[in-house]
Amino acid sequence: MNCWLVKSEPDTYSWSQLLGDRRTAWTGVRNYAARNHLRAMKSGDPVFFYHSGDEKSVVGLARVAKESYTDPTADDGDWSAVDIAAEKPLARQVTLAQIKADKTLKEMVLAKQSRLSVSPVTREQFERLLKLSETKV
DNA sequence: GCCAACGTTGGC
DNA sequence: GCCAACGTTGGC
């Protein structure tokens, strides 16, 4: 099982919207590296949900509900989407500042490539993030 | 509001 | 195929 992190501007699509929707199609990714991560996702993989912009925090935990398929919102090009389902909010949100201050988490792709909208999370980072967020799976 | 990072485009 | 120019994203 692999772990992931997706990033969104709350104004575009927020964690609270996902909680309301329960599940959503993660479409619109137009970056090859991010697309390849989407394609590597397996059903049931955990996916952290990060708010960029003002919040800059990991706010929730979701899961891959449907593995990659052709992005229906793409007019041209070879793009993919997955479905993700909300699992639970983090008991405590973890800020980017906390991540950068943490020995393990500062190695996250999120911290190193802030523009990549879909990124892998190592097992160690996953456990550490859960611990910092005081969240039990 | 600025700037760094980075991806894309287009001229050569 | 290279690289300069440009646009976008996101943190500060």
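Naming convention: chains lettered A, B, ... in sequence-line order (proteins, then strands); numbering from 1 in each chain. These figures come from a predicted structure and were not determined experimentally. Side chains are part of it too, since the values below use all heavy atoms of this structure and drop only hydrogens, waters and symmetry mates.
Straight-line distance from the CG atom of A:Asn31 to the P atom of B:dT9: 12 Å, rounded to whole Å. Atom CD of A:Gln98 is separated from atom P of C:dG11 by 15 Å (rounded to the nearest Å). Put simply, CZ on A:Arg115 is 14 Å from P on C:dG7, counting in whole angstrom units. We find that CG of A:Leu110 is positioned 16 Å from P of B:dA5, with the value rounded to whole Å. As rounded to whole Å, 17 Å separates atom C1' of C:dG11 from atom NZ of A:Lys112. Residue A:Lys7 contributes atom NZ, which lies 12 Å from atom P of B:dC6 at whole-angstrom precision. For the pair A:Gln113 CD and B:dA5 P, the computed distance is 12 Å after rounding to whole Å. When the C1' atom of C:dT9 is taken as reference, atom CG of A:Asp54 falls 14 Å away, rounded to whole Å.
Under 3.5 Å, the side chains of A:Arg128 and A:Thr104 contain no donor-acceptor pair of N or O atoms.
Within the 4.0 Å cut-off from OP1 or OP2 of C:dT9, not a single side-chain nitrogen or oxygen of A:Lys56 is found. In terms of phosphate contacts, A:Tyr32 brings no side-chain nitrogen or oxygen within less than 4.0 Å of OP1 or OP2 of B:dC6.
In this structure, A:Lys131 does not pair ionically with A:Glu127, as no charged nitrogen and carboxylate oxygen lie closer than 4.0 Å.
No engagement by A:Leu116 is indicated, since no non-hydrogen atom pair under 4.0 Å with the nucleic acid exists.
Here the rule is side-chain contact (heavy atoms from CB on, under 4.5 Å) with A:Leu105, and of A:Ile99, A:Val121, A:Val58, A:Leu110 only A:Ile99 fits it.
Nearest to the side-chain atoms of A:Lys100 among the listed nucleotides C:dC12, B:dG7, C:dG10 stands C:dC12.
Across all their heavy atoms, A:Pro10 and A:His51 have their closest contact at CG-CG, 3.6 Å.
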